[in-house]
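Following: one structure in structure tokens, then a few remarks.
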2 protein chains.
Amino acid sequence: MRGARYSSGVDNEVGQEIADALGILLRRTTRAQLHQQLTAGMGEGVDEVTYPVLSALARTGPRSAADLAPDVGIDRSGVTRRATRLEAAGLIRREADPHDRRAHLLVLTERGQLAVTELRTRLAAHITASLSSWPPGEAEAFARRLRRFTAEGPFA
Amino acid sequence: MRGARYSSGVDNEVGQEIADALGILLRRTTRAQLHQQLTAGMGEGVDEVTYPVLSALARTGPRSAADLAPDVGIDRSGVTRRATRLEAAGLIRREADPHDRRAHLLVLTERGQLAVTELRTRLAAHITASLSSWPPGEAEAFARRLRRFTAEGPFA
DNA sequence: CAGGTAAGCGTGCGCGGCGCACGCTATTCT
DNA sequence: AGAATAGCGTGCGCCGCGCACGCTTACCTG
């Protein structure tokens with residue numbers, strides 16, 4: 001199980017350390033207080049519940065609710081309900097699929113696009129600010145490792 | 001706000017990259033499927049809902065439910081209910097505080113201690129395994145950065 | 001070309017977790 | 001000693017979720 005390609009392998013203590021850190025991070029980032037703080041001032045539609053739908057939509061382009069569901073990680077019906085709220089808030093709109101008249105494509109409105117970019121910017125600024133005290137190049141290296149970790153790591 | 005100590009500062013694009021990666025990681029690690037897979041075979045008491053209480057208890061030692069609540073991130077009553085389930089499963093027990101006869105201290109039983117170490121080991125092994133293909137030293141460096149990120153990062 | 005099957009969507013329903021507030025017991029303060 | 005406070009468990013209402021159903025539209029086969 002260890003050292004598949006490199007003779008030195010990876011000490012299991014490292015995995016333990018990463019696991020603990022991820023656990024802490026998971027708890028911290030799910031604090032409702034943080035979410036409310038980050039979404040403060042935006043329209044009433046964007047929410048810690050509805051945002052994942054908005055974000056996934058911004059990432060992958062217009063898609064149906066059923067297609068979006070596995071990416072968000074909840075049931076198809078849940079995506080539909082969140083989409084209904086986002087639509088009421090004017091952040092997305094339902095568009096008829098030209099190729100299939102049953103399908104309703106979810107597409108971001110201009111306000112929706114604005115909201116997601118705004119929130120992404122806020123979060124990035126929040127992170128960048130607290131990384132300003134890191135030695136030069138450290139943050140960039142960390143970002144690269146983190147990207148690789150998410151791409152081909154244990155949670156791929 | 002940027003470059004407080006180092007003249008080069010940190011490009012905001014780095015923050016953006018980290019933010020996106022964390023978002024993905026957050027979604028992946030909250031998949032119920034993953035939790036069930038990791039807790040498979042253990043007693044019926046350990047659960048993705050009850051585990052944070054168990055874990056916090058293992059980290060900080062015997063504490064009251066009210067003290068535990070802010071660390072878990074939910075209301076005091078929620079901790080009480082989860083503790084009740086864990087007690088029924090024989091993973092923790094309520095002990096009378098010798099100094100205050102109102103207080104019920106939550107303390108891990110032997111089986112509880114065993115369960116949390118087992119789960120920690122499983123998760124660490126899962127992570128270590130998928131890091132075996134990384135170049136030597138990379139995983140260790142990533143673990144160090146991640147630890148620092150959680151300790152003094154934007155979510156401290 | 002027609003009828004049956006399947007896909008896609010929204011919604012009703014039951015379940016479960018959460019936060020708030022209340023009651024009860026033990027403690028502390030005046 | 002009596003009042004005020006802290007600590008705990010629980011009832012209650014709310015909300016999100018997954019499942020299953022009905023309805024519309026597309027596909028497929030004879």
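Quick caveat: nothing in here was measured; it's all calculated off a predicted structure.
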- Query: Do A:T80 and A:R76 get their side chains close enough for a donor-acceptor pair, meaning under 3.5 Å?
  - Reply: no

- B:R31 CZ - D:dG18 P separation (whole Å): 11 Å

- Query: How long is the line joining CD1 of B:I74 and P of D:dG9, in whole Å?
  - Reply: 13 Å

- Task: In whole angstrom, give the distance that lies between atom CD1 of B:I92 and atom C1' of D:dC8.
- Result: 14 Å

- Note on the structure: Of the listed D:dG9, C:dG10, C:dG19, the closest approach to the B:H104 side chain comes from D:dG9

- Item | Distance, rounded to the nearest Å, where A:L105 contributes CG and C:dG8 contributes P | 12 Å

- Rounded distance (Å) that lies between atom C1' of D:dG9 and atom CG of B:L86: 16 Å

- Item | Distance-only donor-acceptor test, A:R81 side-chain atoms vs D:dG18 base atoms, 3.5 Å | yes

- Item | Among D:dC8, D:dG18, C:dC20, the one nearest B:D75 by side-chain distance | C:dC20

- Item | B:T84-B:R94 side chain donor-acceptor pair, cut-off 3.5 Å | yes

- Item | A:T80 vs C:dG10: side-chain N/O to OP1/OP2 distance below 4.0 Å | yes

- Distance check: side-chain N/O of B:R101 vs OP1/OP2 of D:dC8, anything under 4.0 Å? no

- Message: Measuring from the side chain of A:R76 (C-beta onward, heavy atoms only), which nucleotide among D:dG18, C:dC9, C:dA21 has the closest atom?
- Response: C:dC9

- Task: Quick one: label B:D100 by what it contacts on the DNA or RNA (base, sugar-phosphate, nothing), any heavy atom closer than 4.0 Å.
- Result: sugar-phosphate

- Mind checking whether B:F142 and A:F142 have parallel, tilted or perpendicular rings, split at 30° and 60°? parallel

- Below 4.0 angstrom from OP1 or OP2 of C:dG17, is there any side-chain N or O of B:R85? yes

- Task: Could you state the atom-to-atom distance from CG of A:D97 to P of C:dG10 in whole Å?
- Result: 13 Å

- Item | Any A:S64 side-chain nitrogen or oxygen under 4.0 Å from OP1 or OP2 of C:dC9 | yes

- Item | Taking every non-hydrogen atom, the tightest pair across B:L131 and A:P154 | CD1-CD, 4.3 Å

- Between D:dG7 atom C1' and B:R94 atom CZ, what is the distance in whole Å? 13 Å

- Note on the structure: CG (B:L22) and CD (B:E17) are apart, to the nearest 0.5 Å, by 11.0 Å

- Task: Please state whether the base of C:dA7 and the side chain of A:R102 form at least one donor-acceptor pair under 3.5 Å?
- Result: yes

- Note on the structure: A:E87 CD to C:dG10 C1', in whole Å, measures 12 Å

